[in-house]
Amino acid sequence: MTQPPRLYRAREHRMAVGVAAGIAEHIGVSVVRVRIAFMVLLGLSGLGLLLYAAFWAVVPLRPGDTATPPRRDVAQLLPFVVIGLVVLLVQMQLFDSVGVAGTAGWLVAIIAVGAGVIWHQSLPERRWQNSGSLPLPWLSAVVEETDRRAFVLRFIGGGVLVAVGIIGVAAVYSPVQNMDAVINGVIFALVGLAGVGVVAAPVLWRTFNQLRSEREGRIREQERAELAAMIHDQVLHTLALIQRNAADVKAVQRLARGQERTLRNWLYKPTASPTERFAAALEQAAAEVEDTYGITVEAVVVGDRETDERVGALVAAGREAMVNAARHAGVQTVSLYAEVEPDQVSVFVRDRGVGFDQETVDDHRHGVRGSIIGRMKRHGGRAEIRSGPGEGTEVRLILPVSGNGSTAERDR
Amino acid sequence: MVEQSAETTAPDDGRLRVFLVDDHAMFRAGVRAELGAHVEVVGEASTVAEAVARIAATGPDVVLLDVHMPDGGGRAVLEAMRRTHPQVRFLALSVSDAAEDVIGLIRAGARGYVTKTISPDELAAAVRRVADGDAVFSPRLAGFVLDAFAARPDAPVADPELDQLTNREREVLRLLARGYAYKEIAKELFISIKTVETHVSNVLRKLQMSNRYELSRWAADRRLV
């Protein structure tokens, strides 16, 4: 025994949603006749429209058709307008547009057109994507958040419906020509709306809270994953390297120091681009010296500013001074202090190492003379070197700058 | 919980009595081992409540205080102890060198701030200096202070008269930030070490009152308003 053929809405030959075409196919008559029947029924207080809507709501779309979503078609908007107008005309003809029936007719017409517009404006592929989670597939056109235009449209449409509803209630139930009565009706309608709002508020609030806590949980989870990735990529690898190089004190110190700096920057410092900011550039230079020579550079930078060619030269000279201290001073710690003032930028590199006598440095050694003193001179700054055997060394680099571009705050 | 077997309540020799507050048992053990030769560690605590109770019970000279702990951190300990035990001095010892942590603890009343990478000898020296009533400024802390007091036209300044550092204090801080020791600063500026210490103490005093709330309380205490 075969299943009796089920009633489906058709996709082909349709004008609105395929109800008429589906019925026509099901009972084997022409589509035009079914449509005429609907139109006739429409005259009986809009029965045809109600039937059509009922069919629309309960009759499923033919399975298999969903694979080819319908293309957006302005012509499909036409039936809604036609239906609304016809309902209006019929109501005016039959009831002279007075009383409850007249008002209801207006309402039905407006709702029909509004629903049609919303339906038409929602994207064709979006109309069906929620059909699994919603009891009625076309509801997705109403509840789904789409683009801004749809939102505005819906907002205006909803507002018009509410306003029309309130005025309708007022007009129907207080047909006297008394403004007070109308106002009272409106007020009671507002009270009704407020009541609905009060009833719905806890549910809305709970939903909102659930969504928020879910989102917060997701963000936390994301941060945790990021931290886990960071620890895996860097900390664990560094610890493994330290275990393998446990005998090499220098290597262990270098690894630990580098890892400490990375973590510290990651935890406490917003990073800035070393090519743009002076403090970031200097700190990067200090980090490179630390990594290359296995020493500690105690960097303190007060203030910050944009870099340019001259400030870049200052950073390079400071880097050279740190390299010299790391190579020749024979110490584990070098102090780096930089200060950005409105009229000058200064860098001090100090160690407490062996020191040297500047008179005894050979002429062919270019490290100090060329890379530090000469470089600073070329860019309009000056360099002083204070050192003596056994007293350690301090290199002072001063670069006068103009006021603009300089900031005293660390707005990195 | 860690065993408190070494805890004593009375000084038995001339050594400094030091208390450790840190929520990492490993770190406490490490500091205890490093400092053991120089000072007497009279107790340890891993939480704020425990610290408040035990510091009151043992009465140490110096408390080494961690910044980040559950239930309030070092600041909560400081605020709980400062009024009742003004003779106890606090030295912040933290792995964090974020400016707000450092300055926050100093404002709460710590006499100095060193990071956990400090060498054992330097830490012992810092403890001794704090016990003697001086402030301990690491180069980094000096840098933060200079940063905080740097001339910023748009930043809120509580009270220029009290807030601003004098030129001399600024100079001392700059040299500190450059890695100079107190002795070297004295030599550089042709002043005595005592004067350097006075300047540093003044900076600390100004730091602890550098917001409006502190200032108004300070003024009210002295019946100035």
Side-chain angles (χ1 to χ4, degrees), chain A residues 253 256-257 259-261 263-270 279 282-283 290 296-305 318 321-322 325 329 331-343 346-353 386 391-397 403 406-412, chain B residues 26-27 30 67-68 94-104 113-122 137-157 164-165 167 169-185 187-188 203:
Chain A
Q253 280 179 346
R257 180 76 194 162
Q259 186 58 61
E260 189 210 337
R261 187 178 56 244
L263 271 180
R264 202 174 278 293
N265 285 346
W266 195 75
L267 287 171
Y268 301 119
K269 252 188 209 164
L282 198 63
E283 275 160 13
E290 274 188 351
T296 303
V297 177
E298 295 273 4
V300 177
V301 183
V302 172
D304 200 358
R305 60 165 287 149
M322 284 186 270
V331 289
Q332 276 305 299
T333 308
V334 173
S335 293
L336 167 70
Y337 174 69
E339 185 167 8
V340 178
E341 288 165 284
D343 52 348
S346 29
V347 173
F348 302 90
V349 178
R350 181 187 162 81
D351 66 69
R352 295 162 186 282
R386 286 183 133 207
E391 288 177 14
T393 306
E394 187 178 51
V395 178
R396 305 172 176 182
L397 310 169
S406 150
T407 54
E409 59 199 326
R410 287 168 86 93
D411 54 354
R412 290 180 295 155
Chain B
M26 273 249 283
F27 188 77
V67 178
H68 288 290
S94 174
V95 78
S96 158
D97 57 6
E100 58 268 28
D101 290 338
V102 180
I103 299 289
Y113 191 107
V114 291
T115 55
K116 284 181 176 177
T117 50
I118 191 172
S119 74
D121 290 341
E122 283 177 312
F137 264 68
S138 69
R140 192 172 283 279
L141 175 51
F144 287 145
V145 175
L146 285 170
D147 235 3
F149 282 103
R152 299 181 190 177
D154 50 337
V157 175
Q164 287 307 312
L165 303 179
N167 281 338
E169 284 159 4
R170 221 177 268 258
E171 254 174 295
V172 169
L173 279 184
R174 281 206 179 104
L175 288 170
L176 273 173
R178 277 158 67 175
Y180 280 62
Y182 283 24
K183 189 174 72 211
E184 293 163 327
I185 295 172
K187 207 173 123 196
E188 180 82 18
V203 172

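What you are looking at is a predicted structure, and each value in this text was computed from that prediction instead of being measured.
- The cationic atom of A:Arg350 (NZ for Lys, CZ for Arg) lies less than 6.0 Å from the six-membered ring centre of B:Tyr180 and within 45° of the ring axis.
- Nearest heavy atom pair, residue A:Ser335 against residue B:Gly179, reads OG-CA, 3.7 Å.
- Nearest heavy atoms, B:Asp147 versus A:Val302: OD1-CG1, 3.4 Å.
- For B:Arg170 and A:Glu341, the salt-bridge test fails: no basic side-chain N is under 4.0 Å from an acidic carboxylate O.
- Side-chain atoms of A:Glu339 and B:Arg178, non-hydrogen and from C-beta on, never get closer than 4.5 Å to each other.
- In this structure, chain B has a heavy atom under 4.5 Å from the side chain of A:Arg352, while its backbone stays farther away.
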